[in-house]
Amino acid sequence: MQYDHKKIEENWQKHWAENQTFKASNTSDKPKYYVLDMFPYPSGAGLHVGHPLGYIASDIYARYKRHKGFNVLHPQGYDSFGLPAEQYAIQTGQHPAKTTEENIKTYRRQLDRIGFSFDWSREVRTSSPEYYKWTQWIFIQLFNSWYNKDSNKAEDISTLVSTFEKEGNKKVNAVCDDEIQSFTASAWKKFSKKKQQEILLQYRLTFLSETEVNWCPTLGTVLANDEIVNGVSERGGHPVVRKKMKQWSMRISAYAQRLLDGLNTIDWPQPLKDSQTNWIGRSQGAMVSFKVLPNEVTEEKGTLSYKKIEEIKELRLNSPKVTSLLWDVLRKKKGAVKFRQQYILGDFLTDFVCFSKKTIVEFTGKEDEAERANYFATEGYTVVYITNDEVLENIDAVLSKINNGIQFPKIAEIQKVAKKVLKKKVEKEVEKHIDVFTTRPDTIFGVSFMTLAPEHELVSQIVTYKQKKAVKAYIHATAKRSERDRMADVKTISGVFTGAYAEHPFTGEKVQIWIGDYVLASYGTGAVMAVPCGDQRDYDFAKHFNIGIPNIFEGVDISEEAHEGKDGTKIANSDFLNGMPYKKAMKTIIYELEKRGIGYGKINYRLRDAVFSRQRYWGEPFPVYYKDGMPQMIDAKHLPIVLPEVEKYLPTEDGKPPLGRAEKWSWNTKTNTIVDNSFVISSGVEKSQNNGIYPLELNTMPGWAGSSWYFNRYMDPGNTEEFASKEALDYWQDVDLYIGGSEHATGHLLYARFWQKFLFDKGIVPVDEFAKKLINQGMITGTSAFVYQLNFSFKFKDTDKENTKLEISGNENIFVSKNFVDNKDFDFWYPKYFSKLSKMHIEDILKYEQVSKPIVSFIPKHSDVSFVNTSDELDIGAFKNWRPEYNDVKFVTEEDGTFKVGREVEKMSKSKYNVVSPDAICEEYGADSLRLFEMFLGPLEQSKPWSDSGISGVYSFLKKLWKLYHSGDEGTFVVSKDKATAEELKTLHKTIKKVDEDIANFSFNTSVSSFMIAVNELGSLKCNKREVLEPLAILISPYAPHIAEELWNKLGHKTSIATAEFPVFDGKHLVESSKNYPISFNGKMRFMLEFPLDMNKEDIEKAVLADEKTIAQLAGREPKKVIVVPGKIVNIVG
RNA sequence: GCUCAAGUGGCGGAAUUGGUAGACGCGCUGGAUUCAAAAUCCAGUUCUUUCGGGAGUGUGGGUUCGAUUCCCACCUUGAGUACCA
């Protein structure tokens, strides 16, 4: 019987499935080993050959561990919630559950065909209610927890409540919202229930907050930072804008330090650790508080420009409703009093003014109220202040107030009030501080200005009247710039002076306060103390705006650039820091800051809390309903909260998420069931309280929710009572080997570590890192095939249309073979390959003198790679039939009649027609060949292009392997009982050793070559001894399990090879008596000489020097030195 | 810009602590077998050469008896990150 991969593979795949060969037990005497793959998102396109790379590697490892006597858990499942299924649903109306189910079927069929040893009885799907019940449950646990910095772990919210009841929140050391009011125990008790809930929400590990989010209008959802690439959405490349929304967030920032520390305890790739470290972005430094100096009260008055008057006119047209309402009333008011609207008085734009009575009517709450009042008073006006509410509620009262004002012009009194207001304002300003975070507090004496982010809340409060216009314009301009624009020109320096000054905390000097968009509102405090001599950006800013650059470094030239280095320089011109090196200066300054109460040492993280709400349909629903606008958790015993049906998967017309379309999406707190929305009487909250029915949360959870804990579920996937049983969790503990792509570095792999740490804090899981070892498999890229379309273009000589290209279109669709592409000679192409029609066409064009000679170019077009053989020759017929527009194309072939395509490495993708399906490979060469070949391509971690050309090598290896166990033309199975020769045993044990080492190093490519070497050697020895061939089958079985099972079966075994004991290496078979020494001269190997291994150094040296080849090589020169390394090498220095 | 990884034949790649550079496979060349092709088998295949040899692991230096491996500088490519104070 000849090697028939199809029959063998089908048989064994069936056998494994029927016998559940790879089912893992949760109780075993064997040591446990957990091998995990990152579970796939089942896309509609199915698997391509790049997907199984990691699965093959982990499968080899899992099978190897079974041979080594481990109880192996090797599960697989589907990350089946996600955007593509939803978008497909939007387009076709097909329920995402249905498409997902179909895609999973395809995936399963494809996976089964490759012969993986997955325990399918443990399959999980994130989109199944039995699974997401526990995702919802974890969410509730997070909601019911807060992070205690004193115990450095998450604790139940009840411990926080009891602390509040006993001593308020003064002593609570929690990770919570930044602006939290402090309260005493008695105050806490007096708070309303709602107020208490609001406060607690600021402490919970998952919380609702109004946050600026990345909103993608095209997708109609928010995106996490890691879902945005280069300012556009990772999926689809749609633009993303900043928008404020009420969202669920996860307080991952609480775990920043532990996520960082944990990296030292796990064996993960360094680049991946580096990118998590960068993402967390820890920086050590200090907080420093700068006092803002009060603005000068009297400022010179400017004159209003023409432009400003234009602005006012516009303002008048757009005046808000209330103003126009009042204006209507004042205008119609009968009598001698005439009001004017929005009249300019001095520098100020008044709301309403009556000249005859010297009265001004103004709305309260203007930023420059004090200055206005002062001015109006000095000019002899009476000001009547009104509010919006007054106008709306009782316009008559307002009118009488105005009337009273008119009859009551008490200038002196108004001035008194104005002074009071001013004073109050000045006092308030004295209290203003700008807090900054800096990593270089030691350079504080080099501060010459400060910069605030344009969005900083203090900006509007401190800006002087004079600078207001410029500042407003700048803020407006920055807000308008998209993320992408800002990224595009990083180098442009821009900013505006606010007119305000801060006081240097040590020197007391006045420091200008600027705003600039190089300062980000989202990092630190959104403000920096600028030290131009020590920070290049500050330096550039100072240079650009002509701000002073004091030098505080001893002996450093800063005339050209800032000095950013820390070590090796001493601080100067810095009072008590003078002469200190970096480290000492840091310690001293932090001590001083803390002593004076103007700052403190601080560690800052770049890691932001993770937004957890998505405005999507196809995700986990939240177990949340809203009562009085406050979120309430549904009791865990009522889970799962199953995704409702909707008729369309789009957001609602009024902008609510798709779940807003569900008719049955309200929570009945009496029956604890999901009920029809009509029971919630209108949207009025009070009414709904009566019948205990409340609206459910409309957002769903993000893609990473389900994938952040699935590895724990595999341990006990069928458990309906618990997340996973304590016994299962204790037995399996954690993942021993995790294989997957590096693209999840700052997404899934960070969130999963976060949840695991949280679950560990709560005593739910036994370890706080879920995966001991992780390997990133490289991406397999595609090798696209290109055909080149011949194209002529013309350039007009006419200066006006110099760059206009005229392309010939129509009948002459000509593709040229790769080797012709370099030939751009028009005279070569023109006569030979053009039809009469186009010839006339070209000649017509050439009649115009202003047209230059045609330029020949070739337009590359993708061809499907399946039309191309391993020699890059195109199947022209297949290509022509591929698409209607190619039916009539002509081909310019090589001299031998073949047509060659061009090749280029690109990401494997449907749109590039370079996708190779594993099914096709399995069909032609078999799964064992595919497995061996993917491993043989190169190191696992490295990314590499796919090319079919090498696959014949592994296929013929399998055939040779098969032949070792068979003989004759018929291929009869023949294995002899004879004792193996020393040489045969040497080959076997050499291979055992190598494969053991290779697997330990995850160097699968090299073990495939050692199999080849072994089979080649045994083949030339004509070895068919059972003593060698039986262990050989086990050695190969992790890599090529089907053929190994078949041979094992033929060798007479009744049980699967899967748990056969791995051959044990015995060094005695490799012992040699002599060594063929390389003899090198000055390090260059020239020839070999054989000596016994037990020969000593001196004798070898003598023998080598006496050899005639040595004498010839030396050509009479005297050797200066001879180095003999016994068992290795001889080197002669001449 | 910063961080990380990597540069070896025509191609994928090998060389585990410094010790025979190019294992293994593809491709190519020649041969056997065949009516022929496929398949299979055998031999050769880094470059260069006056057939003695010489050069050679991105470039230039260094350490060493000896460097693909260690150190320094630079170049190129890929990945991540992006005004992070």
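The sequence lines fix the lettering, A, B, ..., with proteins before strands; numbering per chain opens at 1.
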- Query: Is it the case that Ser253(A) and Asp609(A) place a side-chain donor and acceptor less than 3.5 Å from each other?
  - Reply: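 Their side chains do contain a donor-acceptor pair, which is all the 3.5 Å distance test asks for.
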- Message: Less than 3.5 Å apart, any donor N or O on the side chain of Tyr955(A) or Lys959(A) sitting next to an acceptor on the other?
- Response: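 Judged by distance alone, the side chains do not pair up.
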- Message: Both Arg440(A) and Ser742(A) contact RNA chain B. Taking the nearest nucleotide for each, which residue is further toward the 5' end?
- Response: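 Of the two residues, Ser742(A) wins.
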- Message: Taking the nucleotide of RNA chain B with the nearest heavy atom to each, does Val1125(A) or Gln270(A) sit closer to the 5' end?
- Response: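 Closer to the 5' end of RNA chain B: Gln270(A).
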Which nucleotide sits closest to the side chain of [X]: [options]?
X	options	answer
Ser952(A)	G13(B), A23(B), C26(B)	C26(B)
Met1088(A)	G19(B), A82(B), U20(B)	U20(B)
Ser956(A)	A23(B), U40(B), A85(B)	U40(B)
Val1133(A)	C65(B), C4(B), U20(B)	C65(B)
Asn1005(A)	C84(B), A14(B), U40(B)	A14(B)
Ser949(A)	C26(B), U16(B), G19(B)	C26(B)
Thr439(A)	C4(B), C24(B), A85(B)	A85(B)
Met1012(A)	G25(B), C84(B), A23(B)	G25(B)
Met1085(A)	G19(B), A85(B), A21(B)	A21(B)
Asn278(A)	A82(B), U16(B), U3(B)	U3(B)

What is the distance from [atom1] of [X] to [atom2] of [N], rounded to the nearest Å?
X	N	atom1	atom2	answer
Ile1132(A)	U20(B)	CD1	P	16 Å
Lys1121(A)	C65(B)	NZ	P	5 Å
Tyr523(A)	C83(B)	OH	C1'	12 Å
Lys993(A)	A23(B)	NZ	P	20 Å
Ile603(A)	A85(B)	CD1	C1'	16 Å
Gln276(A)	U81(B)	CD	P	12 Å
Phe936(A)	C11(B)	CZ	P	16 Å
Phe1081(A)	G66(B)	CZ	P	15 Å

Work out how far the [atom1] atom of [N] is from that of [M], and round it to whole angstrom.
N	M	atom1	answer
U59(B)	U69(B)	P	11 Å
G53(B)	G58(B)	P	27 Å
A21(B)	G13(B)	P	23 Å
A14(B)	G22(B)	C1'	8 Å
A85(B)	A79(B)	P	26 Å
U48(B)	A43(B)	C1'	23 Å
C24(B)	A15(B)	P	13 Å
G52(B)	U57(B)	C1'	26 Å

- Message: If the test is side chain to side chain donor-acceptor pair (under 3.5 Å), which one of Asp442(A), Thr438(A), Thr443(A) qualifies with Arg440(A)?
- Response: Asp442(A)
With a 4.0 Å limit, can you tell me whether [X] has a side-chain N or O closer than that to the phosphate oxygens OP1/OP2 of [N]?
X	N	answer
Ser1080(A)	U20(B)	no
Lys1128(A)	U20(B)	no
Arg1086(A)	G52(B)	no
Arg608(A)	C84(B)	no

For [X], which contact category applies under a 4.0 Å heavy-atom criterion: base, sugar-phosphate, or nothing?
X	answer
Asn604(A)	nothing
Lys960(A)	sugar-phosphate
Thr277(A)	nothing
Asn1131(A)	base
Asn1016(A)	sugar-phosphate
Pro939(A)	sugar-phosphate
Gln942(A)	sugar-phosphate

Does [N] pair with anything, Watson-Crick or G-U wobble, both distances under 3.5 Å, and if so, with which nucleotide?
N	value
G27(B)	U45(B)
A15(B)	none
U81(B)	G1(B)

- Task: Could you go through the side chain to side chain contact (heavy atoms under 4.5 Å, CB included) check for Val528(A) and Arg537(A) one step at a time?
- Result: CA-CA 11 Å; Val528(A) 299; Arg537(A) 285 158 309 158; over 6 Å; no
- Message: Please verify the inter-ring angle class for His5(A) with Tyr3(A); under 30° counts as parallel, over 60° as perpendicular, anything in between as tilted.
- Response: tilted
- Decide, for G52(B), between syn and anti: a glycosidic angle within 90° of 0 counts as syn, anything else as anti. syn
- Message: Going by the glycosidic torsion and a 90 degree boundary from 0, is the base of G10(B) oriented syn or anti?
- Response: anti
- Item | Aromatic ring proximity Phe541(A)/Phe449(A), centre distance under 6.0 Å | yes
- Please indicate whether Lys986(A) has more than 12 foreign heavy atoms, meaning atoms of other residues, nucleotides or ligands, lying under 6.0 Å from its NZ.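 No, the 6.0 Å shell around NZ holds no more than 12 heavy atoms from other groups.
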- Thr1110(A) side chain to Val1104(A) main-chain N or O, any donor-acceptor pair under 3.5 Å?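 Yes, because the side chain of Thr1110(A) sits within donor-acceptor range (under 3.5 Å) of the backbone of Val1104(A).
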- Task: Begin from the C-alpha positions of Leu750(A) and Leu607(A) and carry the test side chain to side chain contact (heavy atoms under 4.5 Å, CB included) through to its verdict.
- Result: CA-CA 11 Å; Leu750(A) 199 60; Leu607(A) 184 69; 4.0 Å; yes
